[in-house]
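Here is the structure we will look at, set down as structure tokens.
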Amino acid sequence: MDCLELDTKIISYVNNQLDDEELDEVLRHIKNCPRCLEEVELFYTLSEGIRQMESDEITIYNFPESFEQKRHQDMKDVHGRKKTRQVADHFIMMVVLLIIFVGILYGLFHIYEYQMNLYSLLSIV
């Protein structure tokens, strides 16, 4: 992701509207780009400040610290969900392989059984 692309996703990031792939890209970019990190932090501060003013409830007094907490929590969440998906994908793959293996064994057993029946029929004749 480049800086121009990040600019189109800042508001969605601040409003928690990104899917995991986009969120991961945004987080990786702002981790390595101080200018974009500063810009996202500014949007976060403005957005949260306006939201709190509209609700007449001031709960955040240190916006930069609050933004860092959000960013770190977002990183933990997206990586946790990615790990969960990987484990689920591996489990599904193992189940599919097991089903295929059982199917092959079942097929081989029936081929063997068919041959035995055929031999017994041929030996009778």
Side-chain angles (χ1 to χ4, degrees):
M1 172 177 289
D2 61 14
C3 296
L4 289 175
E5 190 177 352
L6 179 87
D7 285 343
T8 65
K9 298 187 185 290
I10 290 175
I11 293 172
S12 296
Y13 170 69
V14 169
N15 293 326
N16 301 313
Q17 297 172 333
L18 297 176
D19 62 35
D20 282 349
E21 186 177 318
E22 292 173 314
L23 179 59
D24 190 39
E25 288 178 17
V26 166
L27 292 170
R28 279 189 282 124
H29 182 82
I30 63 176
K31 181 180 180 183
N32 298 314
C33 182
R35 185 190 73 75
C36 288
L37 175 62
E38 187 176 316
E39 190 174 344
V40 173
E41 184 178 345
L42 176 64
F43 270 92
Y44 173 80
T45 300
L46 290 171
S47 176
E48 283 300 309
I50 290 170
R51 203 172 296 150
Q52 287 183 22
M53 286 173 38
E54 288 174 348
S55 69
D56 289 331
E57 186 177 309
I58 306 298
T59 57
I60 299 175
Y61 297 100
N62 187 344
F63 288 101
E65 182 180 310
S66 173
F67 173 70
E68 278 303 307
Q69 289 173 353
K70 173 189 173 19
R71 192 167 68 92
H72 287 293
Q73 187 61 46
D74 286 344
M75 281 190 285
K76 281 176 49 179
D77 291 347
V78 77
H79 292 294
R81 287 189 298 266
K82 189 183 286 188
K83 275 286 195 202
T84 301
R85 277 192 306 276
Q86 287 175 342
V87 168
D89 289 348
H90 283 85
F91 178 75
I92 290 168
M93 179 78 76
M94 295 300 291
V95 168
V96 167
L97 290 173
L98 180 64
I99 290 169
I100 291 170
F101 180 71
V102 168
I104 290 170
L105 287 177
Y106 184 77
L108 290 174
F109 174 74
H110 280 289
I111 289 171
Y112 175 76
E113 186 179 46
Y114 175 76
Q115 286 178 342
M116 290 297 112
N117 287 338
L118 186 62
Y119 288 140
S120 65
L121 284 174
L122 289 176
S123 65
I124 294 175
V125 174

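It should be emphasised that the depicted structure is a prediction, and the values quoted were computed from it without experimental measurement.
Nearest heavy atoms, Ser12 versus Leu18: CB-CD2, 3.5 Å. Between Ser120 and Asn117, the shortest heavy-atom contact is OG-O, 2.8 Å.
Asn32 contributes a side-chain N or O that, together with a main-chain N or O of Arg28, makes up a donor-acceptor pair within less than 3.5 Å. Judged by distance alone, with hydrogens and angles left aside, the side-chain atoms of Thr45 form a donor-acceptor pair with the main-chain N or O of Glu41 at under 3.5 Å.
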Exercise for the section: May I have the step-by-step check of side chain to side chain contact (heavy atoms under 4.5 Å, CB included) for Ser66 and Glu48, ending in yes or no? Expected result: CA-CA 10 Å; Ser66 173; Glu48 283 300 309; 5.7 Å; no
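Side-chain contact between Glu22 and Asp19 is present, with at least one heavy-atom pair separated by less than 4.5 Å. Val14 is not listed as a side-chain neighbour of Lys70, based on a closest heavy-atom distance of 4.5 Å or more. Between Gln52 and Phe63, some side-chain heavy-atom pair lies under the 4.5 Å cut-off. Leu98 places none of its side-chain heavy atoms less than 4.5 Å from the side chain of Met94.
One distance of note links NE2 of His79 with CD of Gln86; it measures 11.0 Å at 0.5 Å rounding. Distance check, rounded to the nearest 0.5 Å: CG of Asp24 to CD of Glu21 gives 8.5 Å.
Using a 3.5 Å distance cut-off with no hydrogens or angles, the side chains of His29 and Glu25 do not pair a donor with an acceptor. Between the side chains of Ser47 and Arg51, at least one donor N or O sits under 3.5 Å from an acceptor N or O. Between Asp77 and Gln73, the side chains place a donor N or O and an acceptor N or O closer than 3.5 Å (distance only, hydrogens not considered). Between the side chains of His110 and Glu113, at least one donor N or O lies within less than 3.5 Å of an accepting N or O.
Hydrophobic clustering of Ile, Leu, Val, Met, Phe, Trp and Tyr side chains at less than 4.5 Å, counting indirect connections, keeps Leu108 apart from Met116. Residues Val40 and Leu4 fall into different hydrophobic clusters, defined by Ile, Leu, Val, Met, Phe, Trp and Tyr side chains chained together at heavy-atom separations under 4.5 Å.
Evaluation of the salt bridge (Lys or Arg N to Asp or Glu O under 4.0 Å) test over residues 85-108, restricted to residues two or more places apart or in two chains, returns Asp20-Arg85.
Annotation: Ile11, atom CD1; neighbour count of heavy atoms from other residues, nucleotides and ligands within 6.0 Å does not exceed 12.
Ionic pairing of Glu68 and Arg71 is present here: one or more N-O contacts between side-chain nitrogen and carboxylate oxygen are shorter than 4.0 angstrom.
The aromatic rings of Tyr44 and Phe67 are tilted relative to each other, their planes meeting at an angle between 30° and 60°.
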